[in-house]
Amino acid sequence: MKESILGGVGLLGSLFYLFLILLWVLVPLFIFLISKRVKDMRDIARSSQRELKEVNANLKYLKRKYNEANDTPDDAAH
């Protein structure tokens, strides 16, 4: 009287158990991969924001230097 674990379940039950096992393995894997990707995207967004701030600061500096160079006393005399 040795029965297998899925002996009394049938084909449909066996497929259902197989589906549950696949979900048990794949759902945590997908959650891990998605969370890792979201963290990478967040890090990229942070670094891009820092770089944009740096570029804006450089543009302000260059604009100020350009305006100082164009506001010489020679231009006011003409």
Side-chain angles (χ1 to χ4, degrees):
M1 291 205 165
K2 292 184 177 181
E3 294 183 11
S4 66
I5 295 173
L6 300 175
V9 177
L11 180 62
L12 191 59
S14 298
L15 290 175
F16 179 72
Y17 280 125
L18 182 63
F19 177 72
L20 287 178
I21 290 170
L22 285 174
L23 282 179
W24 184 70
V25 171
L26 293 178
V27 168
L29 178 66
F30 285 134
I31 289 172
F32 170 75
L33 291 174
I34 290 170
S35 65
K36 183 178 176 184
R37 180 67 180 154
V38 167
K39 287 178 185 177
D40 291 344
M41 291 171 56
R42 186 184 64 208
D43 292 341
I44 289 170
R46 284 181 180 166
S47 67
S48 297
Q49 188 175 17
R50 280 193 302 264
E51 290 172 4
L52 282 174
K53 286 182 181 180
E54 184 178 337
V55 167
N56 283 335
N58 289 336
L59 284 174
K60 286 180 183 179
Y61 173 77
L62 290 173
K63 187 176 179 181
R64 188 173 63 240
K65 285 295 186 180
Y66 176 77
N67 288 336
E68 288 174 1
N70 286 338
D71 291 340
T72 60
D74 296 336
D75 291 337
H78 296 299

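Numbers here simply count residues along the sequence, with the first being 1.
Residues satisfying the side chain to side chain contact (heavy atoms under 4.5 Å, CB included) criterion with V55, sequence neighbours excluded, are L59. Listed by chain and number, the residues in a side chain to side chain contact (heavy atoms under 4.5 Å, CB included) with I44 are S48 (sequence neighbours excluded). Taking the side-chain hydrogen bond (donor to acceptor under 3.5 Å, both in side chains) definition, one finds that Y61 meets it with nothing, sequence neighbours left out. For L29, the side chain to side chain contact (heavy atoms under 4.5 Å, CB included) partners at least two apart in sequence or on another chain are L26, L33. Residues passing the side chain to side chain contact (heavy atoms under 4.5 Å, CB included) test with R50, sequence neighbours excluded: R46, S47.
Linking ILVMFWY side-chain heavy atoms closer than 4.5 Å, directly or via other members, places L22 and Y17 in two distinct hydrophobic clusters. F19 is connected to V27 through a chain of hydrophobic side-chain contacts under 4.5 Å among Ile, Leu, Val, Met, Phe, Trp and Tyr, so both are in one cluster. Y66 and L62 are not part of a single hydrophobic cluster, where members link through side-chain heavy atoms under 4.5 Å apart.
Evaluation of the side-chain hydrogen bond (donor to acceptor under 3.5 Å, both in side chains) test over residues 20-41, restricted to residues two or more places apart or in two chains, returns none.
Annotation for V38: hydrophobic cluster partners, listed by chain and number, are I34 (ILVMFWY side-chain heavy atoms under 4.5 Å, direct or chained).
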